[in-house]
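Some notes on the structure that comes next.
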Amino acid sequence: MITDPDIERYAELHTTPQAQHLATAADQTREQLGGRAGMMVGPLEGGFLAALVALSGAASILEIGTFTGYSAITMAAALPPGGRITTCEVSQEHATIAQAHIDASPYRDLIDVRLGPAVTTIAGLDGPFDMVFIDADKSSYDAYYEATLPKLSERGFIVFDNVLWSGRVLTDEADDADTAALRVLNDKLRDDPRVEVVMLPIRDGVSIVRPRPGGR
């Protein structure tokens with residue numbers, strides 16, 4: 001998270017509270033996974049994702065990186081009639097926890113968890129997708145981008161999480177593979193003539209990418 005914690009807390013307190021099933025999923029994630037629970041999007045970003053779904057009318061959503069299901073459940077609540085979410089997770093442990101949370105929510109019939117490497121899963125999906133949310137291993141973000149861009153619907157868009165990476169992308173001091181991959185991706189998205197991008201300093205940084213007319 002890069003926002004001042006007091007500002008983040010104030011924003012959360014002035015955002016519609018999360019539903020009880022989401023609060024339960026969040027609490028159980030913290031209990032079961034400890035420090036790894038920081039990978040969860042949380043109520044503020046979850047509310048932002050739900051707003052994107054509702055405002056765009058996205059009916060077919062692809063999520064890359066299920067973790068414990070919080071973001072998928074949050075987005076499912078904003079789906080229009082007939083909408084569905086396909087979510088990809090490589091970890092059996094995370095997929096099992098996510099499925100339990102999804103089953104305990106009102107949206108179990110709207111979310112399909114696919115276990116396995118996301119690039120392989122994406123290759124077997126026809127699409128088109130109105131929205132793609134990417135929140136998985138950072139070193140593979142570019143591969144996920146190239147795999148999903150051709151499968152967007154006419155109004156489709158891609159949302160990337162963690163693009164500011166706790167500010168590590170701003171300096172040359174961090175030289176790990178994930179930070180390097182995010183720097184390269186952020187530059188690529190800015191310069192890619194196929195798309196338009198806006199980067200927002202929400203939580204750990206979110207980029208919204210949409211194809212230019214005739215750009216694909």
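Throughout, numbering of the chain's residues begins at 1 and tracks the sequence.
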Under 3.5 Å: donor-acceptor pair, side chain of Asn186, backbone of Val163: yes
Is there a side-chain contact between Val159 and Leu52 (heavy atoms, below 4.5 Å)? yes
State, with a plain yes or no, whether a side-chain heavy atom of Ile97 is found less than 4.5 Å away from one of Leu33. yes
Relative to each other, are the rings of Tyr141 and Phe160 parallel, tilted or perpendicular (30° and 60° limits)? tilted
Ignoring hydrogens and angles, tell me if any N or O in the side chain of Thr66 forms a donor-acceptor pair with the backbone of Gly69 under 3.5 Å. no
With a 4.0 Å cut-off, would you call Arg36 and Glu93 a salt bridge? yes
Stepwise side-chain contact (heavy atoms from CB on, under 4.5 Å) test for Glu12 and Thr15: CA-CA 5 Å; Glu12 285 189 14; Thr15 296; 5.6 Å; no
Side chains of Arg108 and Gln99 in contact at under 4.5 Å (non-hydrogen atoms): no
Less than 3.5 Å apart, any donor N or O on the side chain of Glu63 or Ser71 sitting next to an acceptor on the other? yes
Testing Ile85, Thr148, Leu62 for side chain to side chain contact (heavy atoms under 4.5 Å, CB included) with Phe129, which one passes? Leu62
Could you walk me through whether Leu149 and Leu152 pass side-chain contact (heavy atoms from CB on, under 4.5 Å), step by step? CA-CA 6 Å; Leu149 185 63; Leu152 291 180; 3.9 Å; yes
For residues Tyr145 and Leu125: do they belong to one hydrophobic cluster (side chain heavy atoms under 4.5 Å, members Ile, Leu, Val, Met, Phe, Trp, Tyr)? yes
Salt bridge check: are Asp6 and Arg9 linked by an N-O gap of less than 4.0 Å? no
Note: Arg194-Glu146 ion pair, threshold 4.0 Å (strictly below): yes
Under 3.5 Å, is there a donor-acceptor pair linking the side chains of Asp137 and Ser140? yes
In plain terms, say whether Arg84 and Asp112 are close enough for a salt bridge, that is, a side-chain N and a carboxylate O under 4.0 Å apart. no
Mind checking whether Pro43 and Tyr70 have side chains closer than 4.5 Å, heavy atoms only? yes
ILVMFWY network linking Met199 to Val132, side-chain heavy atoms under 4.5 angstrom: yes
Tell me if a side-chain donor or acceptor on Arg114 pairs with a main-chain N or O of Thr87 at a distance below 3.5 Å. no
Grouping I, L, V, M, F, W and Y whenever their side-chain heavy atoms are under 4.5 Å apart, do Val184 and Val169 come out in a common cluster? no
Can you find a heavy atom in the side chain of Ile64 that is under 4.5 Å from one in the side chain of Ile122? yes
Taking side chain as C-beta onward, heavy atoms only, is Val209 less than 4.5 Å from Glu196? no
Under 3.5 Å, is there a donor-acceptor pair between the Asp130 and Ser60 side chains? no
Among the clusters formed by ILVMFWY side chains lying less than 4.5 Å apart, do Val90 and Val41 turn up in the same one? no
Look only at the side chain of Asn162 and the backbone of Trp165, and say whether a donor-acceptor pair between them is shorter than 3.5 Å. no
Hydrophobic cluster identity match, Leu200 and Leu55, side-chain contacts under 4.5 Å: no
Mind checking whether Ile111 and Ile73 have side chains closer than 4.5 Å, heavy atoms only? yes
Give a yes or no answer on whether the side chain of Arg203 reaches the backbone of Leu44 with a donor-acceptor pair at less than 3.5 Å. no
Could you walk me through whether His21 and Tyr107 pass side-chain contact (heavy atoms from CB on, under 4.5 Å), step by step? CA-CA 11 Å; His21 57 266; Tyr107 311 109; 3.8 Å; yes
Distance alone, cut at 3.5 Å: any donor-acceptor contact between the side chains of Thr24 and Gln20? yes
